[in-house]
Amino acid sequence: MINVTMKNRTIQVESHTAIVELVKKYRDEYDHDIILAKVDGRLTEVSKSLTKDCDLEFITLADQIGNECYRRSVTFVMLKAIYKIVGPINIDKVSVNYSISSGLYCTVKGRVEINDEFIDRVQTEMERIVERNIDIEKNSMRTTEAIDLFKGYGMTDKVKLLKYRRSSHVNVYNLGGFKDYFYGYMSYSTGILKYFKLYKYDDGFVLQMPTKDNPEIVPEFKPQKNTFNAFKASQEWSEKMNVSTIGYVNSRITDESINDIMMIEEAFQEKQIADIASDIASKGVKFVLIAGPSSSGKTSFSHRLSIQLMAQGLNPHPISVDNYFVDRVDNPVDEDGKLDYEVIEAVDTELFNKDMKMLLDGEEISKKQYNFDAGVRELSGEKLKLADDDILVIEGIHCLNEKMSYALPKEHKYKIYISALTTLNIDEHNRISTSDWRLLRRLVRDLRTRGKSAQTTMEMWYRVRRGEEKNIYPYQDEADAVFNSAMVYEPSVLKVYAEPALFSVPEDSPEFIEANRLLKFLDYVLPLPKDDIPKNSLVREFVGGSALIKE
């Protein structure tokens, strides 16, 4: 017998008892279904057995980790359903591409038409798989055998990925005879994967799933047209260059053609910035408002956009919304009692609109600056008045929200949404989230410029994301233009700096699980030095050496 401590009580069970047996016994004590567990602080699947005295904690669908596991597992069910309905011989490739609304945009290439009938058949088959409550089994397989398996399935991206795997074995999941590889832990069975909905969209479909905040409710699908178009343009480019997954980027590094990709991608971004500047100039606006989530590259983008605006004959002036923060004593606090700089109430919108309206009317203002040490707003000592060819480039997280610029006529505003909208994926069924991409950027930059450890950056990341979900994402389709700052070669450069930082996260810290997950991801990525990155690249904002930012 062994002692298992859970929820401040200790129970005795037989050695080698499967965790899933305790899940079934104690499920009613939890508000939501249990999908994973922590044993002595280490994340594990509930199909594992307990062999010694331990602390046991259950992870439900209301936890972020649990929600991510749920999404992977439902994706597995979807893939099995598609391969059964269409037949492997008729499928060239099923791709899980990127996140739209609260779902995943997917495409199928082969002898199949994506129409309403197809969507209904896949939905019905998925529901049948869930109703059967089929076990999801994990088996360790030699990497060479896994490569042969996926060659037989025609999953060429997985074959390319595993070519660069240093481990001799890989974990492969089995769902009723259908096998696949997934980056991250999976549900123990299909029975709890009850909530999902398929929607036909564009050339493919969206697999819509619940969020952790409402684990049993599938939210309404709301197409994000501007963001989707930016994703799609980036994906078309990466497919044309044959660098749509990590394995193919690794190949470019090993055959020494990655510099060509780097230069082409930088040129592609510069053309996008030039096109946006041209559009701005043609509209005769006075205010360019830029918003995006953390570590999107807003600062570098603003500088490069300003250069392109100057090429259009305009005279840009940078304005940071941070300089309009309320004094710290008046700043709102969040539910944890900590100062919340993410809410719009942290900004003196009345003063901001007053100043901007005065500038629009041809009047002069005194420029503001925020003293972060003292926590007060001050006058900078500079004056500003707009001439005919002057234009303001304003950066802040609320810039897409009309409450931020309510006094300014719409015809004088041009809004830009920027984010790392990565379409580079691990393989055809395992995507890289934009959040992970930005987190790697941030922890590299924070360590280099602020001396913050990876643990410290990760500890505050959930607050950053919470603010983004409330204050940025709901307004992204208000933008006149969407700019994608992600570069396919980026993970290889970030790996050089992020990997040592992540290894420093203590094993007994709450951030260790997340750090370990990111390390497993970086294990697939070949490193790339930053030497050949152009000095004006957005990537330089994070790895250093930028010609656009003074440090």
message = Listing request: all salt bridge (charged side-chain N to carboxylate O under 4.0 Å, His left out) pairs with a residue in residues 481-495, at least two apart in sequence or in separate chains.
response =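 Found Arg441-Glu490, Lys495-Glu499.
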
For the residue pair [X] and [Y], confirm or rule out a side-chain donor-acceptor distance under 3.5 Å.
| X | Y | answer |
| --- | --- | --- |
| Ser102 | Thr211 | no |
| Ser15 | Thr51 | no |
| Glu468 | Ser294 | no |
| Gln455 | Glu459 | no |
| Gln269 | Glu265 | no |
| Asn97 | Thr107 | yes |

Below 4.0 angstrom, N of the basic side chain to O of the carboxylate: do Asp63 and Lys212 qualify?
no

May I ask you to decide whether Lys222 forms a salt bridge with Asp477, counting only side-chain N to carboxylate O separations under 4.0 Å? no

Q. Of Ile147, Thr245, Ile426, which is the lone residue that meets side-chain contact (heavy atoms from CB on, under 4.5 Å) with Leu161?
A.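 It is Ile426; the other options fail the test.
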
When rounded to the nearest 0.5 Å, the distance separating OG of Ser244 from CD of Glu236 is 12.5 Å

Rounded to the nearest 0.5 angstrom, the CZ-OG distance for Arg442 and Ser296 is 11.0 Å

Given the rule in the side-chain contact (heavy atoms from CB on, under 4.5 Å) test, do Tyr185 and Leu43 qualify, once you have shown the distances and angles that lead to the verdict?
-> CA-CA 9 Å; Tyr185 290 131; Leu43 193 65; 3.6 Å; yes

Please confirm whether the ring centroid of Phe58 lies under 6.0 Å from the ring centroid of Tyr30. yes

Who passes side-chain hydrogen bond (donor to acceptor under 3.5 Å, both in side chains) against Asp148, sequence neighbours left out?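 Scan of Asp148 (side-chain hydrogen bond (donor to acceptor under 3.5 Å, both in side chains), adjacent residues dropped) gives none.
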
